[in-house]
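Below: one structure, written as structure tokens.
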Amino acid sequence: MNNTRSGQPKVEKPVVTGEATRTALLKRAIRSTVPLRRVFVQRPPGEDPRHGPLKEFVANGDERGARAYLITVAANSQVNEDGWTTELDSLVWARLFDAHLYTAGEQGARTTAWRILNRLADRDLVKLTRARGSRKISVTLLREDGSGNDYTRPGIADKDAYLRLPVTFWTKGYDAKVGLPGLAMLLAVAAEKPWHAFPAERMDEWYGWSADTTLRGLKKLVALDLVERREVFKEAPLTPTGSTKFYQYRLARWMRPKAQPRPEASAA
């Protein structure tokens with residue numbers, strides 16, 4: 001530690017990371033899991049097309065936007081008079097999104113955070129409010145299907161299928177390691193029943209992304225121990241070996257939240 005001319009120790013300003021900011025926000029939210037309607041990943045059978053809003057993030061290579069959306073959902077733990085809203089200084093939003101890592105200066109980070117949030121608003125996933133001259137941005141969740149309808153907590157006012165991610169996905173830093181293909185496939189695996197197959201040739205039809213994205217994403221998830229994989233053999237009499245091999249996946253044990261009773265509608 002350096003000394004000043006007065007002989008007093010020089011106090012170093014702490015450097016706050018994006019991971020520390022996300023951890024503090026999740027701690028404030030007082031929750032162990034983050035719910036997300038399945039329709040964000042894939043629409044119900046019978047709808048055409050099947051893919052949900054997640055497809056647009058993947059198609060546009062928008063990893064920053066996808067990560068930003070998930071932490072924004074995670075930030076909202078309860079409804080208030082303004083709806084499902086979180087208000088933070090734009091520089092805090094920037095740290096949440098790691099915008100300070102790839103922009104020069106404070107103002108650049110603020111501008112980048114605003115642009116990321118605007119992409120989410122353009123996709124009708126959130127609504128933004130910022131008073132003229134204020135550095136604070138209020139972000140209100142909208143329904144995960146991109147319809148622009150008001151948000152309600154999954155399981156409270158409806159019976160929509162939803163997935164849950166543990167907050168440890170963020171607090172252990174996996175959100176910054178997994179990459180966009182891995183993030184897309186993580187949500188797909190989390191949305192399905194355990195030991196589900198993801199045939200690469202069907203992924204464009206089912207989810208809206210390529211076989212390459214699927215394979216790269218699953219490989220990353222296995223390497224990070226976010227999912228488990230098992231071999232399955234299917235009888236195929238007309239092949240030389242008489243069978244074909246494929247893989248099934250499920251979330252790793254530490255990523256699987258414990259089952260929770262569905263809350264009563266009066267709890268909203």
Side-chain angles (χ1 to χ4, degrees), residues 18-19 21-22 25 34 36-43 49-76 86 88 90-104 108-128 130 137-148 151 163 165 169-170 173-191 198 200 203-221 224 226:
E19 184 175 341
T21 305
R22 291 186 288 274
L25 185 70
V34 177
L36 184 71
R37 280 181 174 81
R38 190 179 186 275
V39 71
F40 176 70
V41 183
Q42 185 185 50
R43 300 186 187 279
R50 289 294 309 279
H51 57 73
L54 178 57
K55 179 238 181 175
E56 296 302 321
F57 292 90
V58 177
N60 290 287
D62 191 8
E63 178 182 348
R64 295 171 185 175
R67 288 182 58 204
Y69 177 62
L70 291 181
I71 192 62
T72 300
V73 174
N76 284 273
T86 298
L88 298 168
S90 60
L91 199 57
V92 179
W93 285 114
R95 283 202 306 274
L96 281 173
F97 304 159
D98 284 334
H100 62 298
L101 298 180
Y102 43 82
T103 54
R110 291 181 186 275
T111 300
T112 298
W114 178 246
R115 288 174 177 170
I116 291 173
L117 287 169
N118 268 283
R119 292 204 297 274
L120 303 185
D122 289 344
R123 293 167 184 163
D124 287 326
L125 293 169
V126 302
K127 181 173 62 177
L128 307 181
R130 183 171 67 172
I137 304 173
S138 293
V139 182
T140 301
L141 292 183
L142 299 176
R143 194 172 175 86
E144 298 98 321
D145 58 5
S147 64
Y151 178 85
L163 61 93
L165 292 179
F169 173 68
W170 288 272
Y174 286 101
D175 62 306
K177 300 175 183 177
V178 70
L180 184 56
L183 186 59
M185 288 309 304
L186 178 68
L187 294 176
V189 173
F198 296 91
M203 296 301 286
D204 182 53
E205 174 190 354
W206 289 351
Y207 296 95
W209 55 76
S210 69
D212 180 66
T213 294
T214 300
L215 296 174
R216 288 191 294 124
L218 290 172
K219 181 178 180 180
K220 187 71 170 183
L221 295 180
L224 290 174
L226 292 172

On a heavy-atom basis, which atom in [X] and which in [Y] lie closest, and how many Å separate them?
X: G173; Y: E19; answer: N-OE2, 3.9 Å
X: G146; Y: P53; answer: N-CG, 4.0 Å
X: P181; Y: T213; answer: CB-O, 3.6 Å
X: A99; Y: A113; answer: CB-N, 4.4 Å
X: A68; Y: I116; answer: CB-CG2, 3.5 Å
X: D98; Y: G18; answer: OD1-CA, 3.4 Å

If you define the side chain from C-beta out and look only at heavy atoms, does anything of [X] sit under 4.5 Å from [Y]?
X: M203; Y: F198; result: yes
X: W209; Y: L54; result: yes
X: M185; Y: L226; result: no
X: L221; Y: V178; result: yes
X: T86; Y: L141; result: no
X: W170; Y: V34; result: yes
X: L125; Y: F40; result: yes
X: V139; Y: W93; result: yes

Roughly how far, to the nearest 0.5 Å, is the [atom2] atom of [Y] from the [atom1] atom of [X]?
X: T112; Y: H100; atom1: OG1; atom2: NE2; answer: 11.5 Å
X: L163; Y: R38; atom1: CG; atom2: CZ; answer: 9.0 Å
X: L186; Y: D175; atom1: CG; atom2: CG; answer: 10.5 Å
X: R64; Y: L180; atom1: CZ; atom2: CG; answer: 12.0 Å
X: R143; Y: Y151; atom1: CZ; atom2: OH; answer: 9.5 Å
X: L224; Y: F169; atom1: CG; atom2: CZ; answer: 9.0 Å

Does R123 count as lying over the ring of Y69, i.e. NZ or CZ under 6.0 Å from the six-ring centre, within 45 degrees of the axis? no
In sequence, state the C-alpha distance, the side-chain angles, and the governing distance for D145 and R37, and then conclude on side-chain contact (heavy atoms from CB on, under 4.5 Å). CA-CA 8 Å; D145 58 5; R37 280 181 174 81; over 6 Å; no
Over 12 foreign heavy atoms within 6.0 Å of NZ, K219: no
For E144 and V73: C-alpha separation, side-chain torsions, deciding distance, then whether side-chain contact (heavy atoms from CB on, under 4.5 Å) applies. CA-CA 10 Å; E144 298 98 321; V73 174; 5.6 Å; no
For a side-chain contact (heavy atoms from CB on, under 4.5 Å) check, start with the C-alpha distance between N118 and R115, then their side-chain angles and the critical distance, and finish with the verdict. CA-CA 5 Å; N118 268 283; R115 288 174 177 170; 5.6 Å; no
Determine whether F57 and L120 satisfy the following criterion, side-chain contact (heavy atoms from CB on, under 4.5 Å), listing intermediate values before the conclusion. CA-CA 10 Å; F57 292 90; L120 303 185; 3.7 Å; yes
Pair D212, S210: side-chain N/O donor-acceptor within cut-off below 3.5 Å: no
Check: G52 main-chain N/O paired with R43 side-chain donor or acceptor under 3.5 Å: no
